[in-house]
Amino acid sequence: MKIDSLSGNQIDLIKCGQFYHFLEQLTETVKMGELTELEYELSGIIATYDALIDYFNQGADDPERDRVYQQLVGHALQIADRCTIATHGAKELPYYTAQCKAVRRESLHVYLLQLEAFAEGIRSTSDIEELKQLATDHDRQLSNLFTDLWTQDTWSAATASEADKLLLAPSITEADQCVIVSAVTLSILRMFDPLKLLFLCDAYYHSQPTVSMRALVGIVITCNCWGERISYYNEVKARLTLLTDDPIFSNQVCDVILQFTRSADTEEIDRKMREEIIPGLMKNPKLRRMPHIKKEDLSADDINPDWEQWMHESGLEESMREITEWQMEGADVNMSTFSQLKRYPFFYNISNWFRPFDAWQADMMAIIGNPNENNNPLGKTILQSNYLCDSDKYSFCYAIREIPQIQREAMMAQLEEQNTALKEGADIPDLKRLSKQTAQSIMRQYVQNLYRFFKLFPNIKEFDNPFDDLAYCPQHSNPLYRTIVEADNLFKLISLNIKQKNYLRAIEYFIRLEGYHPERMEATQLQQLGLCYQKKKMYDAAIEAYTKADLIQPDSYWTIHHLAQCYRAINQYDRALEYYETAESMKPDNLSLTFHVAEMLYEEGEYEEALPRLHKIDYHHPEALKSVRLLAECNFLIGRPEQAARYYERMLTEHADELTATDWRHAAYNYWLWGKRDDCFRCMARAEELQPMEPYDEELYASAPKFADVLYADSRMLHALGARKEDLPYLYDAYCRSRKK
């Protein structure tokens, strides 16, 4: 939970330019809490600010005034954060407070010596019992270091220097450095500290991509979370400016945001796996008739065609293709599989959620054996797998621990074969690409680790979930904003959000693209923007975008067709008809367009003009209810009851179960005008049965109308079609009397 959410409206005073009032309130809070150390620090800020105000009152020219003000505000905010933790932490953050009290505080230099001793021990020791003890001690030390770093207040310059030594020490393991970066990231999300953000900036340039990518993700999350705070720290702003000038960093920032955006699909993929794909396969009887595979077949060079046929017929091939496509796009397909496997005691320790998969973790050694030994296929296979994030690798190992030895060995052999196939299989370039360990794949796995932590950690209510905000368009206060709104990055973000059907989010990015790169808003982009507006039923905005696209690229069938759809949606049938007719002229064989033109002519009351098109459709597709219905309606409304009756009869015999109350009622009117009273009353009876299920116009009726009310409302139409006005009141009564016979 961010400090801002606990400190009330104090910080808002600074945003409103009331720093002096903020200092007064903070002083009172610090005194009430008897926080002597903070009171001393705060008194220094107040004294400096008083002097600055005095110089201002004297009209003195002070070129350093703004810089000093920024420093004072930044320092005061840090004191406010520490004050908030001290006064509200125990009640609002019980887990965090308990961890603060339980952790054994050590200097970072002591931790460095411990981690160096472990790294040296596993290199020089061969005795398995000694290695196990080293691993057990190391687990405890690393957990303590993580909690210590996570729960620390703001750093001093000395602490920051020691942290840098930890980061740069060549004698500690890469996995340990990853844990350190994650601990600092989690700490800065709770309480902003400029020195910790500078530490992450240093870590970004680490030689190991696993460390660098974790730092990158931490920087992106921090800038999104603390953008306004960062503006008060000039050194941090300068460092971030240098980073954003690096095109590689710019592209990687976009990749991080894209991955966070993809995470929004995880729950839907999870649901689809649990409710559709897996149950569908389990229920499929063809899966139970899997062809018999002999042992010697496994080493054959060719795939048995019977297997391919079985995979195709059972639906397994299609399901595997869909899952593979998700993986190719960087989606998280394993959440549903492993979410139930986060209940092992290993996951009770917060540090383990951020620990890279480490064969030297004590439990892992017991499961997969000595990492120093070469004959360790399972350990190698898991370490080399790019399909599973670290958290899921741990879950997998704990799960196989409970599998009998024979099955475990078979699984190990199968996994080893899969890894070998991925390395050597050049027939599938996408799979080969996915199997390679790249900076992007490392980042993707780490984001998936974070997703699991922020969704599944038992005490997660005390943490603000960065996934809730990072997928949205960044605020101007975000120091990375300039990088994110580069044209190429915006194109990537727009494309992904459209694919995910996040149309409002795509519109936000389009607005940035149009504002910062208007020259890049070409016809294609305007078409996409129009589609986003159309999907959100913002038709006026969609029409504006489509019209601009039509000016840039005239005579585009796609644009014209969508303009017709939008005008139709806002009931401007004359404009819709204009565009539909233009589209029809471009594709005269498109019967769907022909029907839309006929519909618009019908809506405009041009029934005679609609008939030729409807006859054309009926000739090619006599089974289509929509065209038959309009043929009946048009003939009915131009006073040709005999012709209309032919189409109504087709409807009543071929599509009886699909007809609405209105269909039956209009058929009844047509028969009545034609003098077929029995047929009229038969249709009216069915119309009355269906009437309660039909939606009604709430502007005309306060509540669902009775059948008699609907007939009365239709009397004006019947009179226009030639029915005697004097006869209309008798229609309902005649119908009621016929029901009694």
Side-chain angles (χ1 to χ4, degrees), residues 537 568-574 576 598-608 610-611 614 625-741:
K537 299 184 179 181
R568 179 180 181 179
I570 58 175
N571 299 326
Q572 290 192 23
Y573 299 122
D574 55 338
E599 277 188 309
M600 292 303 96
L601 290 168
Y602 171 83
E603 294 291 347
E604 288 288 282
E606 299 179 21
Y607 310 120
E608 194 76 59
L611 286 173
L614 293 171
L625 171 60
K626 287 184 177 180
S627 56
V628 178
R629 175 185 281 131
L630 274 191
L631 279 165
E633 288 284 294
C634 287
N635 279 288
F636 166 59
L637 292 171
I638 57 179
R640 296 174 183 169
E642 188 172 355
Q643 291 91 323
R646 293 207 307 269
Y647 297 108
Y648 279 124
E649 279 298 326
R650 284 174 55 186
M651 290 169 61
L652 302 184
T653 54
E654 299 172 16
H655 304 281
D657 294 337
E658 303 172 63
L659 302 185
T660 66
T662 300
D663 291 328
W664 288 96
R665 200 171 64 250
H666 284 192
Y669 296 155
N670 188 73
Y671 283 124
W672 185 59
L673 291 171
W674 194 22
K676 305 274 188 177
R677 300 292 189 253
D678 290 341
D679 290 329
C680 168
F681 297 147
R682 171 175 59 88
C683 292
M684 287 180 70
R686 183 58 178 152
E688 187 173 20
E689 290 176 20
L690 295 175
Q691 183 63 43
M693 293 179 280
E694 185 159 286
Y696 62 91
D697 190 339
E698 295 183 0
E699 293 184 2
L700 294 177
Y701 303 102
S703 59
K706 296 179 180 179
F707 187 59
D709 297 329
V710 177
L711 292 184
Y712 179 77
D714 287 340
S715 61
R716 189 174 299 174
M717 173 184 66
L718 290 172
H719 177 60
L721 290 173
R724 281 166 41 88
K725 193 172 184 179
E726 305 83 48
D727 292 345
L728 290 175
Y730 304 121
L731 175 60
Y732 181 67
D733 291 339
Y735 161 66
C736 292
R737 185 168 176 272
S738 72
R739 298 289 305 269
K740 291 183 178 182
K741 290 182 179 180

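These values consider heavy atoms only, across backbone and side chains, with no hydrogens, waters or symmetry-generated copies. Quick caveat: nothing in here was measured; it's all calculated off a predicted structure. Here, residue 1 is the first one in the sequence, and each next residue gets the next number.
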Atom pair [atom1] ([X]) and [atom2] ([Y]), whose distance is rounded to the nearest 0.5 Å:
X: Leu637; Y: Tyr669; atom1: CG; atom2: OH; answer: 12.0 Å
X: Phe707; Y: Arg665; atom1: CZ; atom2: CZ; answer: 7.0 Å
X: Leu611; Y: Leu601; atom1: CG; atom2: CG; answer: 10.0 Å
X: Leu630; Y: Glu599; atom1: CG; atom2: CD; answer: 6.0 Å
X: Ser738; Y: Arg682; atom1: OG; atom2: CZ; answer: 12.5 Å
X: Cys683; Y: Leu652; atom1: SG; atom2: CG; answer: 5.0 Å

Counting neighbours of [atom1] on [X] that are heavy atoms of other residues, nucleotides or ligands and sit closer than 6.0 Å, is the number greater than 12?
X: Tyr712; atom1: OH; value: no
X: Tyr730; atom1: OH; value: no
X: Arg677; atom1: CZ; value: yes
X: Asp574; atom1: CG; value: yes

Give me the atom names and distance for the closest heavy-atom approach of [X] to [Y].
X: Pro641; Y: Asn670; value: O-ND2, 2.9 Å
X: Ala598; Y: Leu614; value: CB-CD2, 3.7 Å
X: Leu731; Y: Cys680; value: CD1-SG, 4.5 Å

Discussion item. I'd like to know if Arg568 and Glu603 make a salt bridge, using a cut-off of under 4.0 Å between side-chain N and carboxylate O.
Written reply: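 Here Arg568 does not pair with Glu603 in a salt bridge, since their nearest N and O are not under 4.0 Å apart.
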
Discussion item. In terms of relative ring orientation, are Phe681 and Tyr735 parallel, tilted or perpendicular, with 30° and 60° separating the classes?
Written reply: tilted

Discussion item. Which residues pass the side chain to side chain contact (heavy atoms under 4.5 Å, CB included) test with Arg686, not counting sequence neighbours?
Written reply: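 Arg686: side chain to side chain contact (heavy atoms under 4.5 Å, CB included) contacts with Trp664, Glu689, Leu690.
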
Discussion item. Please list all pairs meeting ring-ring contact (aromatic ring centres under 6.0 Å, His included) that have one or both residues in residues 638-663, counting only residues at least two apart or in different chains.
Written reply: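 Qualifying pairs, neighbours excluded: none.
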
Item to complete: Could you tell me whether a side-chain N or O of Glu694 sits under 3.5 Å from a main-chain N or O of Thr662, the two making a donor and an acceptor?
Response: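 Pair found, side chain donor or acceptor close to backbone of Thr662.
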
Item to complete: Flag the pair Met684 / Leu711 as yes when at least one side-chain heavy-atom distance between them is below 4.5 Å, and no otherwise.
Response: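 Contact flag for Met684/Leu711 side chains = yes.
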
Worksheet item: Under the ring-ring contact (aromatic ring centres under 6.0 Å, His included) test, which residues partner Phe636, sequence neighbours left out?
Response: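 Here the qualifying residues are His666.
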
